[in-house]
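Structure record follows, encoded as structure tokens.
Basis for what follows: all heavy atoms, side chains included, without hydrogens, waters or symmetry-related copies. Note on naming: letters A, B, ... go to the chains in the order of the sequence lines (proteins, then strands), and numbering restarts at 1 for each one.
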Amino acid sequence: MKYEPKEIEPKWQNRWEKSGSFKIDKDDESKEKFYILDMFPYPSGTGLHMGHTESYTASDVFYRFKKIQGYNVLHPQGFDSFGLPAENYAIKTGVKPAETTQKNIATYIEQMKSLGFDYDFNEKVITSDPSYYKWTQWIFGKFFENGLVYKKTQKTNWCSSCQTVIANEQVVDGKCERCGTEIIQKEVPGWFFKITDFSDELIAGLGKVDWPEYTKKNQINWIGKSQGALLKFEIKNSEKYIEVFTTRPDTLFGATYMVLAPEHKLVNELKDEISNWNDVEKYIIQTQNKTELDRMEAKEKTGEKLEGVMAINPATGGEIPIFIADYVLAGYGTGAIMAVPAHDERDFEFAKKYNIPIVEVISGGNIEEKAYTENGELVNSGKFNGMSVEDAKRGITEFVGGKMTATYRLRDWSFSRQRYWGCPIPIVYSPEGEAKMVPEKYLPWKLPEDVDFVPTGVAPLSKSEELKKRVEDIFGQGWTAEYDTMDTFVDSSWYFLRYPDSHNEKEFCSKERLAKWMPVDLYIGGAEHTYMHLLYARFFTKAMHKIGLINFDEPFLKLRHQGMVLDKEGKKMSKSKGNVINPDSMVEKFGADSVRTYMLFAAPLEDEVMWNEDNIVGVRRFLDRIWEFIVKDKERDPEWFKLWLNIDEWNKSKGPTPTSLKILLNKTIKKVTEDMENFRFNTAISQLMIFRNAFYKIDQGDANDIYKTGMESKLSTLITVDDFEKFLILLAPFAPHIAEEIWQEILEHKESIFLQDWPEVDEKYLQDEEVEMVVQVNGKVRDRLMVAHDVTEDEVKETVLESGKVKVFTDGKEIKKIIFVPGKLINIVAV
RNA sequence: GCCCAAAUGGUGGAACUGGUAUACACGCACGACUCAAAAUCGUGUGGCGCAAGCCAUGAGAGUUCGAAUCUCUCUUUGGGCACCA
């Protein structure tokens with residue numbers, strides 16, 4: 001019988017499914033729980049891609065490992081199924097998103113099964129399903145009650161192609177991350193989550209989770225906390241004042257002008273005092289017409305002086321001019337700055353262009369040439385002269401009645417979308433226009449079906465007669481519905497809370513199940529979710545914690561990212577390059593076990609993997625040879641095989657596994673176990689290969705004999721069935737099908753290999769009797785000798801010094817020192 | 001511009017807290033089997049040299065008996081942020 005993955009893999013997939021091997025008892029208290037979570041996919045029309053395949057393989061391997069170790073493991077999968085592609089497809093073809101989604105999910109499930117991923121799809125979460133989004137809406141309601149969500153009209157990022165508002169996190173290089181269209185700023189009313197209330201907690205919480213350092217750092221940078229001061233500048237001959245945020249209050253004496261963002265409220269309020277209003281207005285309009293991209297790419301700073309108004313520097317009492325300029329952003333700090341050209345590069349550039357005085361207040365640089373932004377001693381600063389920058393920050397802030405404070409880069413999360421295929425925002429408006437939460441008994445607040453998908457900039461839901469009628473029936477004449485839907489990132493911000501109790505119709509998850517299963521022990525997924533999903537999910541957790549819905553405030557204790565899967569030249573796979581590889585064709589060609597094992601063997605999990613079809617044969621050969629060893633042997637010599645299976649008989653007649661092989665086996669158990677725990681799957685697999693190479697050695701003559709005559713078994717001199725089985729269990733997480741096939745069909749066990757115990761290391765067999773010791777002279781290897789593993793320095797010293805190979809290098813020299821590393825090396829220092 | 005990560009054979013990659021550089025795999029060469037090829041199996045495989053040996057972990061210094069690993073400077077490549085006051 002040949003190794004035919006195509007036959008054995010579907011067979012076991014079906015049997016596992018039928019026997020419900022993946023089913024767990026979520027209330028089982030007898031075993032320790034382990035919750036391992038995958039980032040669930042968006043079910044797109046193109047199917048599962050290689051990135052999913054790698055990440056889900058890693059989690060499936062780890063899940064099977066933990067399961068064999070005896071944990072009660074929750075390892076669910078679901079679908080992040082709301083989103084634009086299904087809607088865009090509907091616009092093109094008229095097929096309803098709900099239908100497309102259902103079809104795609106079915107395909108994804110088939111693909112996942114074919115890779116041997118052992119998910120319980122009865123427990124799946126589908127975010128577009130009313131039984132799920134009911135709870136998305138319910139949680140939204142709790143946030144609404146507790147003031148964590150609000151509506152306002154403000155400039156937001158507008159994608160004219162997607163015809164919707166998008167969040168700051170979804171703008172990449174000034175373009176829409178989805179379609180690449182340049183983002184413009186548009187005044188749109190919309191809903192916001194108060195994520196900024198949690199800025200400090202979102203930073204602090206990272207201290208207690210086991211996440212990759214760069215991911216934590218990126219989140220911290222994204223939140224962008226900066227310490228500084230709020231200072232007030234009075235406007236001459238006016239009650240009004242300008243408040244600025246600065247990280248450098250110590251340089252206040254050098255502030256020689258001020259800048260307001262063109263959108264700043266005060267600009268309009270000062271209209272009557274501004275003598276060049278026409279020019280100012282022109283500049284404001286110019287700014288409005290710029291896209292994010294234009295503004296970012298501007299080579300030279302521009303601005304317009306507000307003629308006729310002056311501000312007072314509160315430190316010096318001097319009058320300083322006020323400008324508007326688009327290098328000052330309305331959305332950050334107070335939307336206004338004090339400009340200190342001597343010590344800020346941007347202000348320096350602007351001051352040079354507009355001939356504004358540059359006053360040095362920190363010594364140490366040459367401000368004739370460029371701004372000096374380093375530390376130094378204060379000068380030209382009255383009584384603060386001679387003070388250090390750090391001391392002066394507080395001192396000067398207090399001196400002018402300012403306030404030390406922090407500002408953040410993070411903005412509130414704008415989650416309204418003017419699109420159809422998303423979770424409806426469960427809000428209705430009274431005839432007076434007041435927003436009210438839809439009462440709980442009307443949840444799920446269903447997405448209407450009688451809509452026109454074609455985007456016109458007006459939310460598609462506004463065209464639904466059914467929704468209009470529904471609102472009037474329930475709330476009365478004059479009441480209207482909220483037509484926006486939620487950003488799909490809302491759906492994925494809490495889905496991990498649903499899996500432990502996915503069928504609960506009364507709660508999003510029962511208290512008991514939450515207490516038992518949360519938080520997630522291990523989360524695996526791509527690093528591209530650092531800013532959005534991971535930040536939003538942490539915000540949801542903290543917000544739900546704050547209002548008492550859950551009793552923990554970090555959702556994911558341990559996080560690991562898989563690297564990208566590239567083509568064999570190291571290029572990103574993309575449709576346009578035509579280099580996309582699909583997992584189905586790989587499974588078809590090499591079998592799921594080979595795909596899984598190669599995926600993890602090719603590179604460390606967190607690194608990029610270059611998918612090279614030519615190399616996967618190595619892994620396939622590894623599995624072929626295991627098959628050859630055991631299955632072919634059984635066929636060639638059934639009698640002998642029967643004897644081998646009976647371990648007692650075998651030991652009597654042939655003896656146990658040779659000691660050297662036994663030691664290698666125990667080293668292998670140790671290394672594979674440790675590597676698994678540390679996600680070093682690539683080296684775990686290579687250790688399994690090393691062991692296989694050792695127990696399966698045949699020589700040339702035998703190989704040809706086997707080929708020609710099908711002669712007797714080669715099992716005789718090597719491994720016993722007990723030890724072979726240990727090896728098979730170590731292999732099982734990676735290549736579950738072949739392992740199960742051999743376990744049950746060839747070794748004739750009644751019970752699944754996944755119900756066995758993980759092999760334990762036998763400490764007796766960890767130490768080789770003899771080891772090779774390296775002999776160095778002055779740090780260079782000159783000789784090697786076999787010695788007892790516990791040999792002492794005195795025992796080998798003589799031999800080593802007498803060795804001819806050593807003498808050549810020590811003759812005529814004085815031996816100054818001997819360095820001895822037990823069991824490893826002896827180094828003779830000779831001068 | 002700022003921050004982060006990386007650089008090891010022809011290729012993907014090993015090397016745990018400084019201690020045998022190149023495990024494992026691909027590829028390649030030669031051989032066995034074959035009429036032949038494929039598959040399979042075996043042997044070899046960093047470079048230079050007949051050899052003893054010398055040189056090799058992006059480049060250059062340093063610390064050390066000993067450096068891929070630690071320190072400094074630089075180069076290149078990825079990734080992220082970017083007028084954030």
Side-chain angles (χ1 to χ4, degrees), chain A residues 172-173 212-215 217-218 220-222 224-226 228 244-248 251 259 261 295-298 301 325-329 331-340 344-347 349-350 407-410 527-528 530-531 564 568 570 598 601-604 606-619 621-622 624-625 628 671 674-675 678 680 682-690 692-693 697-708 772-781 783-784 805 808 816-821 824-831:
Chain A
V172 179
D173 291 337
E213 281 308 313
Y214 71 93
T215 308
K217 210 161 241 168
N218 283 342
I220 290 169
N221 287 345
W222 188 266
K225 181 174 187 172
S226 43
V244 302
F245 173 75
T246 176
T247 54
R248 295 297 303 275
T251 62
V259 186
R295 207 160 152 166
M296 266 172 8
E297 281 175 349
K301 296 206 168 9
D326 66 6
Y327 82 92
V328 171
L329 309 173
Y332 185 77
T334 60
I337 62 160
M338 66 177 213
V340 185
D344 182 283
E345 282 165 20
R346 296 153 300 178
D347 299 346
E349 188 194 331
F350 193 83
T407 296
Y408 303 84
R409 205 190 89 112
L410 185 69
E528 68 274 16
T530 301
Y531 302 107
M564 250 192 289
K568 65 172 158 188
Y598 176 63
F601 175 66
E606 65 279 8
D607 289 7
E608 293 170 340
V609 183
M610 290 180 202
W611 187 263
N612 190 337
E613 250 187 70
D614 302 329
N615 287 353
I616 190 173
V617 298
V619 164
R621 286 208 270 255
F622 166 63
D624 266 329
R625 288 159 177 171
E628 163 79 19
K671 175 141 181 70
E674 285 170 2
D675 283 352
N678 294 302
R680 293 194 297 251
N682 56 330
T683 48
I685 293 164
S686 80
Q687 184 64 37
L688 290 170
M689 288 173 167
I690 289 169
R692 193 220 62 93
N693 290 345
K697 275 247 179 259
I698 61 176
D699 56 42
Q700 183 69 77
D702 289 344
N704 291 332
D705 287 347
I706 290 170
Y707 175 77
K708 269 196 292 208
E772 189 180 69
M773 178 161 281
V774 165
V775 182
Q776 296 183 334
V777 178
N778 294 333
K780 294 207 167 186
V781 181
D783 201 1
R784 295 154 203 268
K805 289 190 183 172
V808 175
K816 285 195 110 176
K817 197 162 40 161
I818 292 178
I819 286 146
F820 181 77
V821 183
K824 279 197 169 153
L825 147 154
I826 182 162
N827 184 15
I828 295 150
V829 185
V831 196

Closest to the A:R409 side chain, choosing from B:A21, B:C83, B:A82: B:A82
Which residue lies more 5' along RNA chain B, comparing A:R784 with A:A336 via nearest heavy atoms: A:R784
Nearest-angstrom distance, C1' atom, B:U17 to B:A39: 47 Å
Rounded distance in Å between the P positions of B:A15 and B:U64: 29 Å
Under 3.5 Å donor-acceptor, A:N682 side chain and A:A602 backbone: no
A:E528 atom CD, neighbour heavy-atom count above 12 within 6.0 Å: yes
Check: A:N778 side chain, A:A830 main-chain N or O, donor-acceptor pair, under 3.5 Å: yes
Side chain of A:N693 (C-beta onward), nearest among B:A85, B:G19, B:C24: B:C24
Nearest-angstrom distance from the residue atom OH of A:Y332 to C1' of B:A82: 13 Å
Which nucleotide in B:C83, B:A85, B:U20 has an atom nearest any side-chain atom of A:Y327: B:C83
Whole angstrom value for the distance that separates C1' of B:C26 from CH2 of A:W611: 14 Å
Whole-Å gap separating P (B:G27) and CD (A:E613): 13 Å
P gap between B:G47 and B:A38, integer Å: 25 Å
C1' gap between B:A68 and B:G46, integer Å: 15 Å
Residue A:Y531, side-chain atoms from C-beta onward, closest of B:C26, B:C81, B:G19: B:C81
A:N221 side-chain N/O to A:G224 backbone N/O, donor-acceptor pair under 3.5 Å: no
Could I get a table of every N or O pair under 3.5 Å where one atom is in the protein and the other is in nucleotides 61-66 of chain B?
from, atom 1, to, atom 2, distance (Å)
B:C65, O2, A:N827, ND2, 2.3

Partners meeting side chain to side chain donor-acceptor pair (under 3.5 Å) with A:K225 (sequence neighbours left out): A:D200
Short side-chain N/O contact from A:T407 to OP1 or OP2 of B:A85, under 4.0 Å: no
Touch class at under 4.0 angstrom, heavy-atom based, for A:E772 against every strand present: base
Whole-angstrom distance between B:U22 and B:G9, as gauged at atom P: 14 Å
Contacts of type salt bridge (charged side-chain N to carboxylate O under 4.0 Å, His left out), residue A:D607, not counting sequence neighbours: none
Sequence-aligned protein contact record of nucleotides 2-14 of chain B, with B where the base is within under 4.0 Å of a protein heavy atom and S where only the sugar-phosphate is: --S-------BSS
Residue pair A:Y332 / A:S226, side-chain donor-acceptor N/O under 3.5 Å: yes
Sugar-phosphate only, base, or nothing, as touched by A:I690 at under 4.0 Å among non-hydrogen atoms: sugar-phosphate
Closest-nucleotide 5' rank along RNA chain B - winner of A:V617 and A:T334: A:V617
Base-paired stems in RNA chain B, each at least three Watson-Crick or G-U pairs under 3.5 Å: B:1-7 with B:75-81, B:10-12 with B:24-26, B:27-32 with B:40-45, B:46-48 with B:53-55, B:58-62 with B:70-74
For atom CZ of A:R625 and atom P of B:C24, their distance in whole Å: 12 Å
Distance in angstrom units between A:I220 CD1 and B:G80 P, rounded: 19 Å
Distance-only side-chain donor-acceptor flag, A:D675 / A:T683, under 3.5 Å: yes
Stacked cation flag A:K301 on A:Y327, 6.0 angstrom / 45 deg: yes
With A:E674 via salt bridge (charged side-chain N to carboxylate O under 4.0 Å, His left out) - residues at least two apart: A:K670
Sugar-phosphate, base or nothing in reach of A:R680, heavy atoms under 4.0 Å: nothing
Length of the NZ-P vector between A:K671 and B:C16, whole Å: 9 Å
Length of the CH2-C1' vector between A:W222 and B:C81, whole Å: 8 Å
Check: A:W222 main-chain N/O paired with A:R409 side-chain donor or acceptor under 3.5 Å: yes
Criterion side chain to side chain contact (heavy atoms under 4.5 Å, CB included) against A:F601, the qualifying member of A:V609, A:I685, A:I616: A:I685
Pairwise P distance, B:A56 and B:A67 [rounded to whole Å]: 11 Å
Spacing of the C1' atoms in B:G62 and B:C54 (rounded, Å): 24 Å
Heavy-atom side-chain contact between A:N612 and A:Y598 under 4.5 Å: yes
Protein-nucleotide distance (A:L688, atom CG; B:A25, atom C1'), rounded to Å: 14 Å
Whole-Å C1' distance, B:G79 and B:G19: 35 Å
Phosphate OP1/OP2 of B:C26: any A:R621 side-chain N/O under 4.0 Å: yes
Test item: A:N827 side-chain N/O and A:G779 main-chain N/O as donor-acceptor pair under 3.5 Å: yes
Glycosidic class, syn or anti, of B:G13 using a 90° window around 0: anti
